Number of protein chains: 2
Amino acid sequence: MFKKVLVVEDLDTVAYGISMMLKQELGIREVHSTEYCDKAYTKIEGELRKGQPYDLLITDLSFKKDHTPLQLHSGKELIEKLRQKEHNLPIIICSVEEKPTMVKRFIQIDKVSAYVLKGRNGLKDLKEAVMAVFKGQHFVSNTITQLTKGSGFFELEDYDVSLLSYLSNGFSQTEISATLSKEGISPSSLSSIEKRLNKLKDILKANNNVQLVANAKDLGLI
Amino acid sequence: MFKKVLVVEDLDTVAYGISMMLKQELGIREVHSTEYCDKAYTKIEGELRKGQPYDLLITDLSFKKDHTPLQLHSGKELIEKLRQKEHNLPIIICSVEEKPTMVKRFIQIDKVSAYVLKGRNGLKDLKEAVMAVFKGQHFVSNTITQLTKGSGFFELEDYDVSLLSYLSNGFSQTEISATLSKEGISPSSLSSIEKRLNKLKDILKANNNVQLVANAKDLGLI
DNA sequence: GTAATTTTTACGGTTTTCCGTAAAAAAGTT
DNA sequence: AACTTTTTTACGGAAAACCGTAAAAATTAC
């Protein structure tokens, strides 16, 4: 089994739970944990230089902002920086996000070994994942593989979410159009934005932009 | 210290972490946990009938939906049903939501003893909360009390909240005016409604109705 | 009871959203 | 290459939101 594992997770409750499981149920002796991606990166580099590198990285994706200034704001950025700097240790992502396309991306491009969905079986899945990865195998939580098959579920693109986000921040449609075209993001015309928003109103069953944003908030999309 | 505690939490990682902490650090012998609010309710009732009631309830607020049909969909509903049925055991909420008005509501109306924010200090806070509640005191995580103090915490009238609520349900200002005058609620004129909404936009720092509703959602006003 | 103040309502003008239609551009097919 | 389909953009009119001003009504003060 792995001997030295780093857990990156901002919720201390979760970090504690994972660490305990790794130690008690998998008998891993050295389990370190940190609440920030920046610290995680320096730790990984540091231990490597000491000649005592980590065997495995388990990381969350989203981290709450607080008042410490950071370079790396998400698990995604941490992973990308690690791979960019040729750190090849196996990585397990442990997150509540269940977007199939993202998961695929992580596994194919960033060579992530496993994707565990935090949920009713999160910890059991993680245990399985660690064992699988130790054998050189991959692991993805069931609920996600199910999602990739049944495509009846609606999934919004980042573009749509950003529109909703702009709206919720008080931008008018005209202002959104101007902002997008300034940033070279397409489509950017007022007309296209209206069309997208109409599609979203249809999906989220809203009569107007106000209700649209309200419903999006309720669903946790923004 | 409490002797018999029920933890209601859908993420097994979190449930595991909390349970371990309660047992190991606070020496609580009987720690049960469940992933559904419905089960939580029946357990509480059941143990009470057996004459071995729980001393304390620790519950999350939001639960992921899966394919088991449920009566109680959230911690809020569980708590309300318990109080309605005269279950007076102390309750600690442990959630990621940090909406000041909600927290106040829980403490004042539902007689919740503590509100712990899941975050970098979630587990430490929870430990403190349990000890405080055992002494008959209240506990609210720091980050939340900061929010209630800092940058103006406003008490809105029911009228204002109902306006926001109408908006979030897709009503136009004209429709709201018509509805209010039909129900004999004053003021009901379009002009007055505009004026109120302008005041609200001022208070909640919003440029337009869309942002207004978004911000109101963030604060848990609606 | 009258004056002063506040609240509610009314109205006009400008901007933005909302909604349909349609052209222009891009992407995909054969 | 020619055609079809999809995506993006353009435009015009109606509805709604936005913003200022001001009259009417209700409250309060004296």
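Here the structure is a predicted model, which is why all the values come from computation and not from measurement. Letters A, B, ... mirror the listed sequences (proteins, then strands); counts begin at 1.
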request  = Kindly say whether Gln108(B) contributes a backbone atom to a donor-acceptor pair with the side chain of Lys111(B) at under 3.5 angstrom?
outcome  = yes
note = Quick note, Asn208(B) side chain, CB onward, closest among dT8(D), dC18(C), dC18(D) is dC18(D)
ask   = Which nucleotide, dC18(C), dA10(D), dT8(C), lies nearest any side-chain atom of Ser189(A)?
value = dA10(D)
Among dT17(C), dC18(D), dT8(D), the nucleotide that comes nearest once only the side chain of Arg196(A) is considered = dT8(D)
task = Name the closest nucleotide to the Ser188(A) side chain, picking from dC18(D), dT8(C), dT9(D).
result = dT9(D)
message = Here's a test for you: under salt bridge (Lys or Arg N to Asp or Glu O under 4.0 Å), which of Glu97(A), Glu98(A), Glu9(A) qualifies with Lys118(A)?
response = Glu9(A)
query = Ignoring hydrogens and geometry, is there a side-chain-to-backbone donor-acceptor pair from Asp160(B) to Leu156(B) under 3.5 Å?
reply = no
Position toward the 5' end of DNA chain D (nearest nucleotide), Ser192(A) or Asn207(B) = Ser192(A)
inquiry  = Using side chain to side chain donor-acceptor pair (under 3.5 Å), reason through Tyr115(A) and Asp125(A) one step at a time and then give a plain yes or no.
reply    = CA-CA 9 Å; Tyr115(A) 194 103; Asp125(A) 280 6; over 6 Å; no
ask   = Roughly how many Å is it from NZ in Lys195(B) to P in dA17(D), rounded to a whole number?
value = 18 Å
task = Only stems of 3 or more consecutive Watson-Crick or G-U pairs count here, both distances under 3.5 Å; name the ones for DNA chain C, or none.
result = C:1-30 with D:1-30
request  = Measure the distance from CG on Leu167(A) to P on dT17(C) and round it to the nearest whole Å.
outcome  = 8 Å
task = Answer yes if the ring centres of His32(A) and Tyr54(A) are under 6.0 angstrom apart, and no otherwise.
result = yes
remark   = Separation of dA15(D) atom P from Leu190(B) atom CG, nearest Å, is 15 Å
message = Please check: side-chain N/O of Asp38(A) versus main-chain N/O of Leu70(A), any donor-acceptor pairing under 3.5 Å?
response = no
request  = Please determine if a side-chain N or O atom of Lys201(B) lies less than 4.0 Å away from the OP1 or OP2 oxygen of dC18(D).
outcome  = yes
key: Distance, rounded to the nearest Å, where Asn209(B) contributes CG and dC19(D) contributes C1'   = 13 Å
Ion pair Arg120(B)/Asp66(A), N-O distance below 4.0 Å = yes
ask   = Any donor and acceptor pair, going by atom type alone, linking the side chain of Asp12(A) with main-chain N or O of Ala15(A) inside 3.5 Å?
value = no
ask   = Checking Gln137(A) side chain against Val133(A) main chain: does a donor-acceptor pair fall under 3.5 Å?
value = no
ask   = Given atom CD of Glu194(A) and atom P of dG12(D), what is their separation to the nearest angstrom?
value = 14 Å
note = To the nearest angstrom, the CG-P distance between Leu197(A) and dC19(C) comes to 12 Å
key: Whole-Å distance separating the CG atom of Leu212(A) from the P atom of dC18(C)   = 9 Å
message = Using a 4.0 Å cut-off on heavy atoms, which residues in residues 168-177 of chain A reach DNA chain C? List them by number, or say none.
response = Ser172(A), Gln173(A), Thr174(A)
note = note: Ile185(A), atom CD1; dT8(D), atom C1'; distance rounded to Å ~ 16 Å
key: Candidate nucleotides dA10(C), dT8(C), dC19(D), ranked by approach to the side chain of Ser191(B) - the nearest   = dA10(C)
inquiry  = If you apply the rule side chain to side chain donor-acceptor pair (under 3.5 Å), what do you find for Ser189(A) with Ser192(A), and how did you get there?
reply    = CA-CA 5 Å; Ser189(A) 76; Ser192(A) 298; 2.9 Å; yes
